[in-house]
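Presented below is the structure to which this report refers.
Here is the naming used below: chain letters follow the sequence lines, and residue numbers restart at 1 for every chain.
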Amino acid sequence: MPHVQPADQKTGDIAALLLAHYDVHARDLPWRNRPGEGLPAPYHVWLSEIMLQQTTVAAVGPYSRKFTERWPDFSALAAADEADVMAAWAGLGYYARARNLIKCARAVAVGHGGQLPATEAGLLTLPGIGPYTAAAIAAIAFDQRAVVVDANVERVVSRLFAISIPLPAAKPIIREAADAITPGIRAGDFAQAMMDLGAGICSVKAPSCMLCPLQSHCDAFGLGNPEAYPVKAAKKAKPTRRGTAYWVEREGEVYLVTRQDKGMLGGMRSLPDDGWNSRTNGDGKAPFTASWQHLDNIVQHEFTHFTLSLRIAVTALGSDANPPGGGMWWPVKSLDKAGLPTLFTKVAKAVLASGER
DNA sequence: GAAGCGTGGGA
DNA sequence: TTCCCAAGCTT
């Protein structure tokens, strides 16, 4: 049975109170239009929503500006060199998003006449757009009523209705409750207001209930334990994996490879490695025979689901030497433009500081 | 349904 | 330090 009543006094009040609060306190974000400017461009909404997946507003800001300046619309992004896009995304993480970003831009340019579909169902067919993003774009860019549920909304809703079933089992109930409080007009503003509320007042820890426009409607506040929601299942322990990265230098240039599209850091330029991944240690075998010098310091890097403890091996080659494989030589002085994932940026920094070269 | 997939910041 | 988490999607 549903935990939440159909549209009643409480659910109707919530939208009105939240929208009134939003009209005064909405955050001014680069991808948002100011009041009175109408709906933001679908391209800008889409780009920001993809970047914001599992990523903080602060981290997205510079990337959003960089991308919209360099690729101002779908056709520009669809025509971009893939390596340029991947390099521009470097450091933002979850690189499958960048691969899907290119696929999606090309699908829009080729299959949809350069226009993003204006419906949730249409948006869901595109690469990198799932249930949350489809609803968010439909509401924010196309002013359609859509039930937008992200981690902020899950937190706010689970507190409003004191939902004690743990996530992820509670997702259907939370969605039902979010549907019940979503208004028929201003769905985009409502969605963004919920997310602003979750990002600020209704925070994970120590929520500012005294500032909350929904305080009087919040069951968790009434119970005195808002921080207890949402209830979550216990997490698994994070393993540590070991591996090696190889720094091969020849006349001021370092040898880089492009990783295969699937898996960790897929599609990104990287240093050669010994095959480490989230499940296994690297085999410690160098890509070719040379007089490798192992650095003393180990690079520790935290991924979401494992810790990597990485050794670094360094060698220098003569001018005529060539390692096997289809990599590329990259000038060390402009390594910052290679678009390396943060892990390998750390490795490069360690090598350059070591003097072993 | 669960696992895989980055990174940086806050407490 | 250590843990948790962020405007999730794909397989």
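Within the nucleic acid shown, G198(A) has no heavy atom closer than 4.0 Å to any nucleic acid atom. At a threshold of 4.0 angstrom between heavy atoms, the contacts of L101(A) with the nucleic acid are absent. When heavy atoms are screened at a 4.0 angstrom cut-off, M264(A) is found touching the sugar-phosphate backbone but no base atom. Using a 4.0 Å heavy-atom distance criterion, I50(A) is classed as making no nucleic acid contact.
For S278(A), a side-chain nitrogen or oxygen approaches OP1 or OP2 of dC5(B) to under 4.0 Å. Between H301(A) and dT7(B) there is a side-chain polar atom (N or O) within less than 4.0 angstrom of OP1 or OP2. Distances shown here put a side-chain N or O of T342(A) below 4.0 Å from the OP1 or OP2 atom of dT7(B). Regarding contacts with the backbone of dC9(C), every side-chain N or O of R99(A) stays at 4.0 angstrom or more from both OP1 and OP2. For K262(A), no side-chain nitrogen or oxygen approaches OP1 or OP2 of dC5(B) to under 4.0 Å. Residue K205(A) places no side-chain N or O under 4.0 Å from the OP1 or OP2 atom of dC5(C). Taking side-chain N and O atoms only, Y94(A) has no distance below 4.0 Å to OP1 or OP2 of dA6(C). Between R279(A) and dG4(B) there is a side-chain polar atom (N or O) within less than 4.0 angstrom of OP1 or OP2. Not one side-chain nitrogen or oxygen of H305(A) sits closer than 4.0 Å to the OP1 or OP2 atom of dG4(B). Between dA6(C) and Q54(A), no contact under 4.0 Å exists linking OP1 or OP2 to a side-chain N or O. Regarding contacts with the backbone of dC5(C), every side-chain N or O of T56(A) stays at 4.0 angstrom or more from both OP1 and OP2.
The existence of a salt bridge linking R186(A) and D143(A) is excluded, since no basic side-chain nitrogen approaches an acidic carboxylate oxygen closer than 4.0 Å. Between R311(A) and D273(A) there is no salt bridge, since none of the side-chain N atoms of the basic residue sits less than 4.0 Å from a carboxylate O of the acidic one. Between D196(A) and R27(A), at least one side-chain nitrogen of the basic residue sits less than 4.0 Å from a carboxylate oxygen of the acidic one, meeting the salt-bridge criterion.
Between the side chain of T55(A) and the base of dG6(B), a donor-acceptor pair under 3.5 Å is found. At a cut-off of 3.5 angstrom, the base of dA7(C) holds at least one donor-acceptor pair with the side chain of R27(A).
Projected onto DNA chain C by closest heavy-atom contact, L52(A) and I129(A) fall at different nucleotides, the more 5' of which corresponds to L52(A). Both K238(A) and L126(A) sit near DNA chain C, but only K238(A) has its closest nucleotide nearer the 5' end.
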Show your working on side chain to side chain contact (heavy atoms under 4.5 Å, CB included) between F306(A) and T240(A) and close with a plain yes or no.
CA-CA 6 Å; F306(A) 71 104; T240(A) 295; over 6 Å; no
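Using the six-membered ring where Trp is involved, F74(A) and W46(A) have ring planes that are tilted, between 30° and 60° apart.
Picking from dT7(B), dA7(C), dC9(C) the nucleotide with the shortest atom distance to the side chain of M195(A) gives dA7(C).
dA3(B) and dA7(C) have their C1' atoms separated by 22 Å, with the value rounded to a whole Å.
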